[in-house]
Structures are given as C-alpha cells and as structure tokens.
Asks: 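Mind having a look at this structure? Questions to follow.
Proteins get letters first, then strands, A, B, ... in listed order; numbering begins at 1 in each.
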Number of protein chains: 2
Amino acid sequence: MGVSSRVAGAEEMCPYRLVLEHVTSRWGVLVLIALEERSYRFSELRREIGRVSEKMLTQTLQTLERDGMVHRDAKPVIPPRVDYSLTPLGREAAAQVRTLATWTERRMDEVAQARVKYDETRP
Amino acid sequence: MGVSSRVAGAEEMCPYRLVLEHVTSRWGVLVLIALEERSYRFSELRREIGRVSEKMLTQTLQTLERDGMVHRDAKPVIPPRVDYSLTPLGREAAAQVRTLATWTERRMDEVAQARVKYDETRP
DNA sequence: CAGCATCCACAAGGATACTG
DNA sequence: CAGTATCCTTGTGGATGCTG
C-alpha cells in the first residue's frame, strides 16, 4: 500500500477493489480496529499495534486518511503532537472489519481441524 | 499467499491474522465471492476473475482449501475435470467478505470526494 | 515527536515450459 | 484440462539517517 495508493497492478483494477485492499490490508485492519476504540497518537498507535515499522504505519495512515477513513489532527505545538481518529466512514469500515476479524478468531479451531485433515492426506 | 501459507513475517503473527489475510487477500476475496454464486471449474474460474495468473489462482485455491473454506472435487476423467465450491465455513466467510465488498462499492463516491479534498490541499 | 528520504533484501507474483 | 516447476521482474516493507 503505497502513499499514492499504488498496489501491484493497481492501474487495471476497478477503484473499489483498491479501497477494499486498503481497508483489508495487513496494517489497515489493525489500524481501523485500534482506532475504533479510541483515538491514538502516532507512536502510541505504533506501540499498540506492535511490530509495525514507522514507514508502514505512516503509509497506512496516509492512505486511509486520503480515503476518508481516518482523521488526522496535527496540533501546532512543540514537540509535535498528532492525533488520529476515525471519521464516520472509517467507523463503518472498522465495524465491518472487526466483525470479520472476530468471526475468523472464533472459527480458528475449525480451520485448524481442516488443516490437519488436509495435511495428513499428503506428504 | 504461498502454498504453505507463508506471508512476510508470518512466523511471528497470531494464527487468526493469517487466516484473515488469506480470506481478504487480493485473489482470496474474488475467489470467495465468485464461488458464493456457484461452483466453478479451474479455468472457468480463471476467466471469471480475469487477470489472475494460473499460479496465483492455484495457490489461492490451495490455501483456502487447506483452511477449510473451499472444497475441491477432482473427477477421475480424461481430460481432468476439477470443480471448486465453498464449504459451509467458506460460505460464511464469503458472505462476510461480500458484505464488506458491497459496502465499499456503495461508499465509493464518499471515498472519491475525500480524495479530492485530500489531494487539493497538497502539491 | 512525527514524520520524510533513501537504500536494500526478500518475497509476491507473472511468464513460460512442461507433465499426468 | 488442471495443474507443477522454473525463472525472473516487481513491489513490499524493514532499517537507517535526517528534518521541522
């Protein structure tokens, strides 16, 4: 997910698929779910999510801000303070994503069972 | 999305996040949505989705099969015939993913507007 | 603190050729 | 037809160093 919203093959893809990918991307999901609870400062969010490089968090936040999902509030103070929160649109997205994430979590043992079956029938 | 379910950094990730990524992956989404309507043969599905490399489709199908979302029915005939369909678990996943996709599609003009605003306030 | 710019390694993913 | 195997290009994303 690039700053200018580039993804492999992005050019020939219908626009909504692009937004879908932003929202369901690796860090997109986590950012949305985190911000659904409350607003976060940059490095606060970084710690909350864990193991995100600064670069990826920045890119993710910018992409989601550009898509109108995230609101960025930069306070003109020193040292800089920037708060991130969800827009109403982002809030809807977050709810959907969280639903999917929760569903996945709750179905994990079914998945695990399926994997065992799959694996034991081949080398 | 690799055959053995590898993703960058997969090792240090909680397992459910991995499944979530399979389901929301580029081709995963499209496969699930397509198979929700009806079952497909391999190359039928390839045409339906469009611009998937054979390799990616194979990988995606195998991963989703291993996760217990997709059922693979290989008929022992010549020429080979393989039908793919959704399992009950896959059906649930597909419904969620489709909901999210539909939501995204319907919100596209809000996103578009947000982008214009975002873009016009910077070089 | 909150970023941006750069470099770099590795993995995703496409193209091609081949097989059961 | 439905894949597998291989090569090769591209992009993703981490690490580092610098700035307002």
Asks: Strictly under 4.0 angstrom, non-hydrogen atoms only: write out the protein contact profile of nucleotides 14-20 of chain C, one letter per nucleotide from the 5' end, B, S or -.
Replies: BB-B--B
Asks: I'd like to check the side chain to side chain donor-acceptor pair (under 3.5 Å) partners of B:R17; sequence neighbours left out, ordered by chain and number.
Replies: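 Per chain and number, B:R17 pairs via side chain to side chain donor-acceptor pair (under 3.5 Å) with no residue.
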Asks: With sequence neighbours excluded, what pairs up with B:R107 under the side chain to side chain donor-acceptor pair (under 3.5 Å) test?
Replies: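 A:E92, B:E110.
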Asks: Could you pull out every donor-acceptor pair under 3.5 Å between side chains of residues 32-42 of chain A and any protein atom, sequence neighbours left out?
Replies:
| residue | atom | partner | partner atom | Å |
| --- | --- | --- | --- | --- |
| A:E36 | OE1 | A:R98 | NE | 2.6 |
| A:E36 | OE2 | A:R98 | NE | 3.3 |
| A:E36 | OE2 | A:R98 | NH2 | 3.0 |

Asks: Does a side-chain N or O of B:R41 approach OP1 or OP2 of D:dA2 to a distance below 4.0 Å, or not?
Replies: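 Yes, such a contact exists.
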Asks: Who pairs with B:V52 by side chain to side chain contact (heavy atoms under 4.5 Å, CB included), at least two apart in sequence or on another chain?
Replies: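 Side chain to side chain contact (heavy atoms under 4.5 Å, CB included) list for B:V52, sorted by chain: B:W27, B:I49, B:M56, B:L57.
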Asks: Could you pull out all residues at least two apart from B:R81 that satisfy salt bridge (charged side-chain N to carboxylate O under 4.0 Å, His left out)?
Replies: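 Here the qualifying residues are B:D83.
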Asks: Respond yes when some side-chain nitrogen or oxygen of A:T58 is under 4.0 Å from OP1 or OP2 of C:dG3, and no when none is.
Replies: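 Negative; the distance criterion is not met.
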Asks: Using side-chain hydrogen bond (donor to acceptor under 3.5 Å, both in side chains) as the criterion, point out the one residue from B:T60, B:D67, B:T63 that pairs with B:H22.
Replies: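 Among the candidates, only B:D67 passes.
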Asks: In degrees, rounded to 10°, what is the bend between the two ends of the helix from C:dC1-D:dG20 to C:dG20-D:dC1, using five pairs at each?
Replies: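 Between the first-five-pair axis and the last-five-pair axis there is 50°.
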Asks: Can you list the residues that meet the side chain to side chain contact (heavy atoms under 4.5 Å, CB included) rule with B:Q113, with sequence neighbours excluded?
Replies: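 For B:Q113 there are no side chain to side chain contact (heavy atoms under 4.5 Å, CB included) partners, ignoring immediate neighbours.
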Asks: How close or far is atom P of D:dC1 from atom OH of B:Y40, stated in whole angstroms?
Replies: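 Checked: the OH to P distance equals 17 Å.
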Asks: Can a side chain N or O of A:Y84 be found less than 4.0 Å away from OP1 or OP2 on C:dG3?
Replies: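 For A:Y84, the contact criterion (side-chain N or O under 4.0 Å from OP1 or OP2 of C:dG3) is met.
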Asks: Kindly write out the residues that satisfy side chain to side chain contact (heavy atoms under 4.5 Å, CB included) with A:A74, not counting sequence neighbours, or none if the list is empty.
Replies: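 Counting only residues at least two positions away or on another chain, A:A74 forms a side chain to side chain contact (heavy atoms under 4.5 Å, CB included) with A:R72, A:V82.
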Asks: Nearest whole angstrom, please: distance from the C1' of D:dG20 to the CZ of A:F42.
Replies: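 Atom CZ in A:F42 sits about 15 Å away from atom C1' in D:dG20.
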Asks: Tell me: CD of A:Q59 to C1' of D:dG11, nearest whole Å?
Replies: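 Value for this atom pair: 11 Å.
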Asks: Can you find a side chain N or O atom of B:R46 that sits less than 4.0 Å from OP1 or OP2 on D:dA2?
Replies: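 Looking at the OP1 and OP2 atoms of D:dA2, neither is under 4.0 Å from any side-chain N or O of B:R46.
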Asks: Please give, in whole Å, the distance from C:dC1 P to A:L45 CG?
Replies: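 It works out to 15 Å between those atoms.
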